[in-house]
Amino acid sequence: MYNVVLKVLEEIEKHGFKAYVVGGYARDRYMDRKSSDIDICTNATPMDLKEIFKDAVKHKEQYGSVMIVVNNIIFEITTFRKEDKYLNYRVPSKVTYINSLEEDLKRRDFIMNTLCIDKNGQFIDLLGAKKDIDNKTIRTVGPAKIKLKEDVLRCLRAIRFSTILEFEIDNELKKYIKKYRIYLKKLSYYRKKEELDKIFSSTNKKRGIQLLIDLELTKALEIDALNSIVITSDAIGIWAQLSVEDKYIFTKNEKEQIKKIKELSKFKKIDNELLYKYGLYTSIIAAEINNQNTDNIKKNYMNLPIKTRNDIDINANEICELLNIKPSFKISEIYEILEKEILNLNLDNDKNKIKIFLKKNML
């Protein structure tokens with residue numbers, strides 16, 4: 001991947017422009033961490049980039065950004081810019097293209113994210129990013145008071161970076177995260193959930209959740225229940241305990257998962273029937289919430305005699321022929337009986353034994 005990144009920079013510079021990888025990828029490479037978050041900044045305009053990369057797609061046109069795909073790697077390329085007054089604590093009212101890398105870096109959020117890489121693979125550090133990365137410190141580029149008021153999403157980004165990278169948030173930044181937390185209500189639930197998902201999915205989620213509590217963001221984020229939840233291995237397990245489906249935006253699949261977790265969490269014991277009905281994933285999350293042994297859940301699931309209806313050793317046509325009935329809703333009822341008997345170990349999942357059972361009980 002790295003060689004492809006450098007080739008993209010070289011291609012832009014071949015056309016007379018300056019270009020640098022900036023932000024997460026440069027920071028993570030300096031830290032020897034894997035990263036696929038590739039942002040490039042350049043003095044080439046979107047129109048220039050469309051000439052260089054014929055397949056370039058305007059991504060965030062109002063911000064001078066285009067997207068290209070090279071060797072199945074996505075690059076977001078943004079023109080050096082200066083931003084005017086921000087609107088709604090989130091977006092600049094106007095951007096102006098400029099020709100200075102340093103000025104472009106000054107508009108960014110945190111100093112650690114201002115590290116750049118040039119076409120030769122050299123790190124370019126104009127604002128002291130290396131020092132902050134070495135010190136594991138998160139500080140804003142310029143006064144935190146101004147940076148957070150411009151874009152209040154930076155409150156959550158700071159916590160997300162602290163969670164994932166295990167960096168400490170600077171005291172001034174903490175102070176203004178607390179002070180401006182009320183403005184988080186101005187953000188869309190979609191953007192808030194994006195950041196919270198990353199925090200809740202991190203292997204260091206406990207750290208992130210504690211930061212959200214310590215910095216008193218739970219009320220502004222409308223997730224007050226965070227103070228009393230059980231931390232689960234999956235983000236959906238956390239969301240299921242927060243009961244915010246009427247506010248935050250979830251996919252159809254996420255809503256279904258949350259519903260199932262809530263249902264299953266009400267049971268004190270997860271037996272074979274429940275394991276079969278809800279599946280391993282939901283059962284593990286529900287067990288975590290109820291402080292039950294998940295190793296036993298996994299073992300019991302692996303030992304289930306059937307895991308889906310298709311595993312039952314008799315098909316619908318065979319049932320119809322055996323009982324001399326036509327296909328109807330009756331078949332589904334029969335399968336429900338067979339599922340129950342097999343899962344409770346009252347009936348072996350063997351075709352001959354199933355036939356004997358059906359003849360005895362269904363004729």
Side-chain angles (χ1 to χ4, degrees), residues 197 200-203 205-206 225 228-245 250-363:
D197 272 341
F200 295 162
S201 299
S202 170
T203 53
K205 57 176 71 82
K206 185 176 181 180
S228 57
I229 66 156
V230 175
I231 296 176
T232 59
S233 57
D234 189 274
I236 288 294
I238 294 172
W239 284 116
Q241 298 172 78
L242 296 178
S243 297
V244 289
E245 300 92 290
F250 295 90
T251 65
K252 183 178 179 181
N253 184 52
E254 286 174 334
K255 287 180 179 178
E256 186 61 30
Q257 287 178 334
I258 288 171
K259 180 184 175 185
K260 287 180 178 180
I261 290 168
K262 284 185 172 184
E263 287 175 355
L264 189 53
S265 297
K266 294 175 182 177
F267 292 89
K268 292 183 179 180
K269 181 183 177 183
I270 300 176
D271 59 20
N272 279 3
E273 284 190 62
L274 291 172
L275 261 176
Y276 175 83
K277 178 180 178 181
Y278 289 96
L280 182 60
Y281 165 79
T282 304
S283 298
I284 286 175
I285 301 301
E288 288 174 345
I289 291 171
N290 289 329
N291 293 310
Q292 295 171 354
N293 190 315
T294 56
D295 288 338
N296 288 341
I297 296 292
K298 293 173 188 175
K299 182 180 177 181
N300 292 342
Y301 182 80
M302 295 306 296
N303 290 330
L304 284 179
I306 55 172
K307 294 183 176 67
T308 71
R309 184 168 286 186
N310 289 335
D311 292 337
I312 297 177
D313 195 22
I314 190 168
N315 63 44
N317 288 336
E318 290 170 326
I319 293 174
C320 289
E321 184 178 342
L322 179 70
L323 301 180
N324 194 27
I325 59 175
K326 293 182 179 180
S328 67
F329 68 89
K330 182 70 176 175
I331 300 298
S332 181
E333 291 179 355
I334 291 171
Y335 269 119
E336 285 179 12
I337 294 169
L338 291 176
E339 285 170 334
K340 189 177 184 69
E341 291 297 315
I342 293 170
L343 288 167
N344 288 318
L345 307 181
N346 297 324
L347 173 65
D348 290 339
N349 187 28
D350 173 85
K351 186 172 292 188
N352 290 328
K353 291 182 179 180
I354 292 172
K355 284 183 175 180
I356 292 170
F357 174 84
L358 292 177
K359 285 180 180 178
K360 182 179 178 181
N361 294 281
M362 298 296 163
L363 287 175

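Because the structure is predicted, anything quoted here is derived from the model rather than measured.
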Original post:
Taking the side chain as C-beta and beyond, is there a heavy-atom pair between I285 and Q257 under 4.5 Å?
Top reply: no

Subject >> Shortest non-hydrogen contact from K353 toward L347 >> reply: O-CD1, 3.8 Å

Original post:
Does any non-hydrogen side-chain atom of R309 lie less than 4.5 Å from one of S332?
Top reply: yes

Original post:
Hey, mind stepping through E318 and C320 against side chain to side chain contact (heavy atoms under 4.5 Å, CB included) and telling me if it holds?
Top reply: CA-CA 5 Å; E318 290 170 326; C320 289; over 6 Å; no

Original post:
What distance separates I238 CD1 from S201 OG, expressed to the nearest 0.5 Å?
Top reply: 7.5 Å

Subject >> Within-4.5 Å side-chain heavy-atom neighbours: D348 and D313 >> reply: no

Original post:
Do the side chains of I314 and L358 get nearer than 4.5 Å, heavy atoms only?
Top reply: yes

Original post:
Is a donor on one side and an acceptor on the other found under 3.5 Å between the side chain of N344 and the backbone of N346?
Top reply: no

**OP:** Rounded to the nearest 0.5 Å, what's the gap from CG on L274 to CD1 on I297? Could you check?
**Re:** 9.5 Å

Original post:
Which heavy atom in Q241 sits nearest to a heavy atom in I289, and how many Å separate them?
Top reply: NE2-CG1, 3.7 Å

Subject >> I261 to A240 - nearest heavy-atom pair and separation >> reply: CG2-CB, 3.8 Å

Subject >> Side-chain heavy-atom pair I325, I331 within 4.5 angstrom cut-off >> reply: yes

Original post:
Which is it for V244 and F250 under the side chain to side chain contact (heavy atoms under 4.5 Å, CB included) test, yes or no, and what are the steps along the way?
Top reply: CA-CA 10 Å; V244 289; F250 295 90; 4.3 Å; yes

Original post:
Going by an N to O cut-off under 4.0 Å, is there a salt bridge joining K277 and E263?
Top reply: no

**OP:** Determine yes or no for a side-chain-to-main-chain donor-acceptor pair under 3.5 angstrom, with E273 supplying the side chain and L343 the backbone.
**Re:** no

**OP:** Answer yes or no: is there a donor N or O on one side and an acceptor on the other, between the side chain of D311 and the main chain of T308, under 3.5 Å?
**Re:** yes

Original post:
At their closest point, which heavy atom of P305 faces which heavy atom of N349, and how far apart are they?
Top reply: O-ND2, 4.0 Å

Subject >> Heavy-atom closest pair, residues L264 and S283 >> reply: CD2-CA, 3.5 Å

Original post:
To the nearest 0.5 Å, what is the distance between CD1 (I334) and CD1 (I354)?
Top reply: 12.0 Å

Original post:
Under 4.5 Å between any side-chain heavy atoms of L338 and F357, yes or no?
Top reply: yes

**OP:** Kindly indicate whether the side chain of Y278, heavy atoms from C-beta on, has any atom under 4.5 Å from the side chain of I270.
**Re:** no

Original post:
In Å, rounded to the nearest 0.5 Å, how long is the span from CG of N293 to NZ of K299?
Top reply: 10.0 Å

Subject >> Distance (rounded to the nearest 0.5 Å) between T282 OG1 and E256 CD >> reply: 9.0 Å

Original post:
Quick one: are Y301 and K307 in side-chain contact, heavy atoms under 4.5 Å?
Top reply: yes

Original post:
Can you tell me how far the CG atom of D295 sits from the CG atom of N300, to the nearest 0.5 Å?
Top reply: 10.5 Å

Original post:
Which heavy atom in E254 sits nearest to a heavy atom in I236, and how many Å separate them?
Top reply: CG-CD1, 3.7 Å

Original post:
Under 6.0 Å from the NZ atom of K351, do we count more than 12 heavy atoms belonging to anything else shown?
Top reply: yes

Original post:
Okay, side chain of N290, backbone of S265: is any donor-acceptor separation there less than 3.5 Å?
Top reply: yes

